[in-house]
Amino acid sequence: MPNHWLFKTEPSVYSFQQLQKDKKTVWDGVANNLALKNLKDIKKGDLVFIYHTGDEKAAVGVAKALGGAYPDPSKNDPKLLVVDVEAGKPLAKPVTLAEVKAHPKLKNFDLVRNSRLSIMKVTDEQWEIMEGMGNSK
DNA sequence: GCCAACGTTGGC
DNA sequence: GCCAACGTTGGC
């Protein structure tokens, strides 16, 4: 059973659409300690929601980890990790932050609780709820 | 544009 | 090693 995650990104910097165009990318720029700790737990085949901050504030698509985290080759710091991901399916309908907040079972989702965390674990239940919202009308 | 929440830094 | 000050992030 793959684990589930959520990556935040500023769409003007790197969007899900860009990832779809690239097919895969190296997810870098993670500096936050807790985010790095989460990143370390990512395994090949894990599924990831891509969430756009800024004007959109919504999960827009899914990506898949191509492997575990490894130190950023372009940096000189072994603590700065990156992970390879490939584009998956876009959600039929983006799941907005407002919808997540409105859902009683997503109340203690890290996305709501700690808005500044850029990489977080998503429980199976949270994943299923979000997927349900994203793929139904 | 503002501000709350959180992380990091640096002085002690 | 503590904690105040500062910077950054992201939602509003």
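In the text below, chain A, chain B and the rest are named by the order of the sequence lines, each starting its count at 1.
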message: At under 4.0 Å between heavy atoms, how does the protein contact nucleotides 7-12 of chain C? Give one character per nucleotide, 5' to 3', with B, S or -.
response: BBBSSS
task: Sequence neighbours left out, what passes side chain to side chain donor-acceptor pair (under 3.5 Å) with A:Gln18? Give chain and number order.
output: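 Partners of A:Gln18 by the side chain to side chain donor-acceptor pair (under 3.5 Å) criterion, ordered by chain and then number, come out as A:Asp22.
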field: Between C1' of B:dA5 and CG of A:Asn114, the distance in whole Å
entry: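 Rounded to whole Å, this separation is 8 Å.
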field: Minimal non-hydrogen separation, A:Val62 against A:Leu47, with atom names
entry: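 Heavy atoms of A:Val62 and A:Leu47 come nearest at CG1-CD2, 4.4 Å.
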query: With sequence neighbours left out, what residues match A:Lys57 under salt bridge (charged side-chain N to carboxylate O under 4.0 Å, His left out)?
result: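 For A:Lys57, no residue satisfies salt bridge (charged side-chain N to carboxylate O under 4.0 Å, His left out) once neighbours in sequence are set aside.
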Set of ring pair (Phe, Tyr, Trp, His ring centres under 6.0 Å) partners for A:Phe49, sequence neighbours left out: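 A:Trp127.
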- request: Could you tell me, to 10°, how much the axis swings from one end of the helix from B:dG1-C:dC12 to B:dC12-C:dG1 to the other, five pairs per end?
  value: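 The end axes of the helix from B:dG1-C:dC12 to B:dC12-C:dG1 are about 10° apart, to the nearest 10°.
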Under the salt bridge (Lys or Arg N to Asp or Glu O under 4.0 Å) rule, what pairs show up with a residue in [range], not counting sequence neighbours?
{"range": "residues 113-134 of chain A", "answer": "A:Lys105-A:Glu125, A:Asp110-A:Arg113"}
{"range": "residues 30-41 of chain A", "answer": "none"}
{"range": "residues 67-81 of chain A", "answer": "A:Asp72-A:Lys75"}

List the atom pairs, donor and acceptor, that lie under 3.5 Å between side-chain atoms in residues 24-36 of chain A and the rest of the protein, sequence neighbours left out.
from	atom 1	to	atom 2	distance (Å)
A:Thr25	OG1	A:Tyr14	OH	3.4
A:Asn32	OD1	A:Leu34	N	2.9
A:Asn32	OD1	A:Ala35	N	3.0

